[in-house]
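Down below is the structure, laid out as structure tokens.
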Amino acid sequence: MKKTFKKLTALFATAALAFGLSACNDKEQVKETKQASAIEQIKQAGKVRIGVFSDKPPFGYVDAQGKSQGFDVEIGKAITKDLLGDENKVEFVLVDAANRAEYLLSKKVDIILANFTVTAARKEVVDFANPYMKVALGVVSKNGEVITNLEQLKDKTLIVDKGTTADIFFTKNYPNIKLLKFEQNTETFEALRDGRGDALSNDNTFLFAWAKQNPGYTVGVKSFGDQDVIAPAVRKDAPDLLNWLNTEIVKLSKEGVLKQAYEKTLLPVYGDSVSESDIAVQYK
């Protein structure tokens with residue numbers, strides 16, 4: 001009986017030791033996974049997830065075949081090619097203006113390239129790499145009732161996308177202007193066409209393109225607010241990816257890739273009205 005008890009005790013001890021070692025190994029594996037850098041995780045996944053717009057041509061939109069197109073998309077393909085060796089190893093994730101940071105923080109995307117303007121408030125939440133585009137705000141309105149200065153908007157209704165720089169600017173500086181806010185660009189322009197607002201404010205580069213494609217509307221206020229820049233954004237726990245993107249944006253500028261993206265997606269829309277030097281951030 002004593003021998004049997006000793007054997008059982010030894011058996012339980014061996015099992016406990018094996019379980020303990022297994023648990024330690026599992027913890028070590030979890031620890032190693034957590035320590036993997038952002039770039040290593042992307043390479044392990046075999047793809048990079050990039051957040052882009054679905055409804056902001058010519059910067060980000062979905063074509064008739066259901067594929068993402070636009071200036072930001074071209075930059076995303078170039079980034080993917082240099083990061084993973086194949087531009088097809090990208091998954092474009094469609095985002096709205098109001099949820100861009102949320103998609104990063106919840107790890108639904110690795111990079112945001114959705115026309116993301118750099119602001120002090122946003123820099124507290126995400127990290128921005130070197131910028132690739134310059135932008136200011138503008139106001140578009142219907143012909144015959146064109147708004148040519150911001151003071152004309154007093155006691156009127158201005159349509160904006162929720163969470164954009166236009167929303168932030170007018171909320172802070174013009175509380176007497178009524179803002180009608182929507183989640184998506186398509187909703188804001190539908191509201192303008194329907195007469196639910198007197199004007200619409202967004203990035204001026206976007207408005208120039210929209211007005212050119214939609215006769216009957218004019219960008220009466222072409223530029224106001226700060227001269228801002230648009231840049232890729234990543235999570236704050238991805239310093240390796242941030243550093244890589246900083247170098248990558250400079251490289252894409254010097255190699256003429258940004259210019260090629262401009263000529264493919266923006267030049268056909270803007271023509272002579274907006275030049276590459278007006279838009280692209282150039283590195284020497």
Side-chain angles (χ1 to χ4, degrees), residues 20-54 59-60 68 70-133 163 228-258 260-261 280-283:
L21 290 173
S22 176
C24 288
N25 288 336
D26 289 343
K27 288 180 181 179
E28 287 299 320
Q29 289 176 358
V30 171
K31 187 176 180 181
E32 287 176 7
T33 301
K34 287 182 178 179
Q35 289 178 343
S37 71
I39 291 179
E40 287 171 346
Q41 290 179 34
I42 289 171
K43 289 182 176 180
Q44 288 169 8
K47 66 179 180 180
V48 57
R49 299 164 302 164
I50 300 179
V52 295
F53 279 130
S54 65
F59 302 101
S68 290
F71 186 61
D72 291 338
V73 172
E74 291 301 309
I75 295 172
K77 290 177 181 177
I79 287 173
T80 303
K81 183 177 180 180
D82 287 345
L83 182 59
L84 295 177
D86 183 351
E87 69 174 36
N88 295 311
K89 290 184 177 180
V90 60
E91 178 186 343
F92 288 115
V93 180
L94 305 181
V95 300
D96 297 327
N99 66 19
R100 287 171 292 190
E102 177 188 333
Y103 266 61
L104 269 179
L105 299 180
S106 60
K107 298 187 177 181
K108 294 178 180 177
V109 298
D110 304 299
I111 303 168
I112 286 288
L113 280 178
N115 231 220
F116 213 2
T117 305
V118 179
T119 68
R122 288 171 179 167
K123 287 169 74 173
E124 293 180 3
V125 180
V126 301
D127 280 340
F128 287 98
N130 283 327
Y132 59 89
M133 185 174 168
D228 293 316
V229 291
I230 288 172
V234 298
R235 291 188 304 276
K236 285 188 172 292
D237 63 353
D240 62 316
L241 183 57
L242 175 67
N243 292 334
W244 185 89
L245 281 171
N246 280 331
T247 302
E248 174 71 357
I249 293 299
V250 175
K251 174 178 175 289
L252 294 180
S253 175
K254 290 182 176 180
E255 293 180 351
V257 176
L258 297 184
Q260 291 171 11
V281 176
Q282 297 173 334
Y283 297 92

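Predicted model only: the values in this text are computed from it and were never measured.
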> After noting the C-alpha distance and the side-chain angles of K43 and I39, does the key distance pass the side-chain contact (heavy atoms from CB on, under 4.5 Å) rule?
Replying inline: CA-CA 6 Å; K43 289 182 176 180; I39 291 179; 3.7 Å; yes
>> Looking at every heavy atom in both F71 and L258, which two are closest together, and how far apart are they?
In response: CE1-O, 3.8 Å
>> Keeping D86 on the side-chain end and N88 on the backbone end, is there a donor-acceptor pair under 3.5 Å?
In response: yes
>> Strictly distance-based, threshold 3.5 Å: is any side-chain N or O of R235 a donor or acceptor partner for the main-chain N or O of S106?
In response: no
> At their closest point, which heavy atom of N130 faces which heavy atom of P232, and how far apart are they?
Replying inline: O-CD, 3.4 Å
>> I want to check something: taking the side chain as every heavy atom from C-beta on, are D110 and Q41 in contact at a cut-off of under 4.5 Å?
In response: no
> Would you say the side chain of I42 lies within less than 4.5 Å of the side chain of L84, judging by non-hydrogen atoms?
Replying inline: yes
>> So for atom NZ, which belongs to K236, do other residues, nucleotides or ligands contribute more than 12 heavy atoms lying within a distance under 6.0 Å?
In response: yes
>> For the CG atom of D127 and the CG atom of N243, what is their distance to the nearest 0.5 Å?
In response: 9.5 Å
> Any idea which heavy atoms bring F128 and T117 closest together, and the distance?
Replying inline: CZ-O, 3.9 Å
> So do the side chains of I249 and Y283 get within less than 4.5 Å of each other, counting heavy atoms only?
Replying inline: yes
> Any side-chain heavy atom of L252 sitting closer than 4.5 Å to one from Y132?
Replying inline: no
> Measuring from L242:CG to D237:CG, what's the distance to the nearest 0.5 Å?
Replying inline: 11.5 Å
> Just by modelled atom types, is the N115 backbone N or O under 3.5 Å from a matching donor or acceptor in the D72 side chain?
Replying inline: yes
> For I50 and V93, what are the C-alpha separation, side-chain angles and deciding distance, and is it a side-chain contact (heavy atoms from CB on, under 4.5 Å)?
Replying inline: CA-CA 6 Å; I50 300 179; V93 180; over 6 Å; no
> For the residue pair A36 and Q44, what are the closest heavy atoms and their distance?
Replying inline: CB-NE2, 4.4 Å
> How far apart are the closest heavy atoms of A38 and A238, and which atoms are they?
Replying inline: CB-CB, 3.5 Å
> Is any NZ, NE, NH1 or NH2 atom of the basic residue among E74 and K77 found under 4.0 Å from an Asp or Glu carboxylate oxygen of the other?
Replying inline: yes
> For the side chain of R100 and the backbone of G51, is there at least one donor-acceptor N/O pair under 3.5 Å apart?
Replying inline: no
>> Given F92, which partner from the list V48, T80, V73 fulfils the side-chain contact (heavy atoms from CB on, under 4.5 Å) test?
In response: V73
> Do the side chain of E40 and the main chain of S37 share a donor and acceptor less than 3.5 angstrom apart?
Replying inline: yes
>> Working note: W244 + D82, criterion side-chain contact (heavy atoms from CB on, under 4.5 Å); need CA distance, chi angles, decisive distance, verdict.
In response: CA-CA 10 Å; W244 185 89; D82 287 345; 4.0 Å; yes
> Closest heavy-atom contact between P131 and V229?
Replying inline: CB-CB, 3.5 Å
>> Could you go through I79 and L113, starting from their C-alpha distance and side-chain angles, then the distance that decides it, and tell me whether this counts as side-chain contact (heavy atoms from CB on, under 4.5 Å)?
In response: CA-CA 11 Å; I79 287 173; L113 280 178; 4.1 Å; yes
> Are there more than 12 heavy atoms of other residues, nucleotides or ligands under 6.0 Å from atom NZ of K107?
Replying inline: no
> Are the ring centres of F53 and F59 closer than 6.0 Å?
Replying inline: no
> Taking the six-membered ring of Y103, is the NZ or CZ of K108 close enough (under 6.0 Å from the centre) and on axis enough (within 45°)?
Replying inline: yes
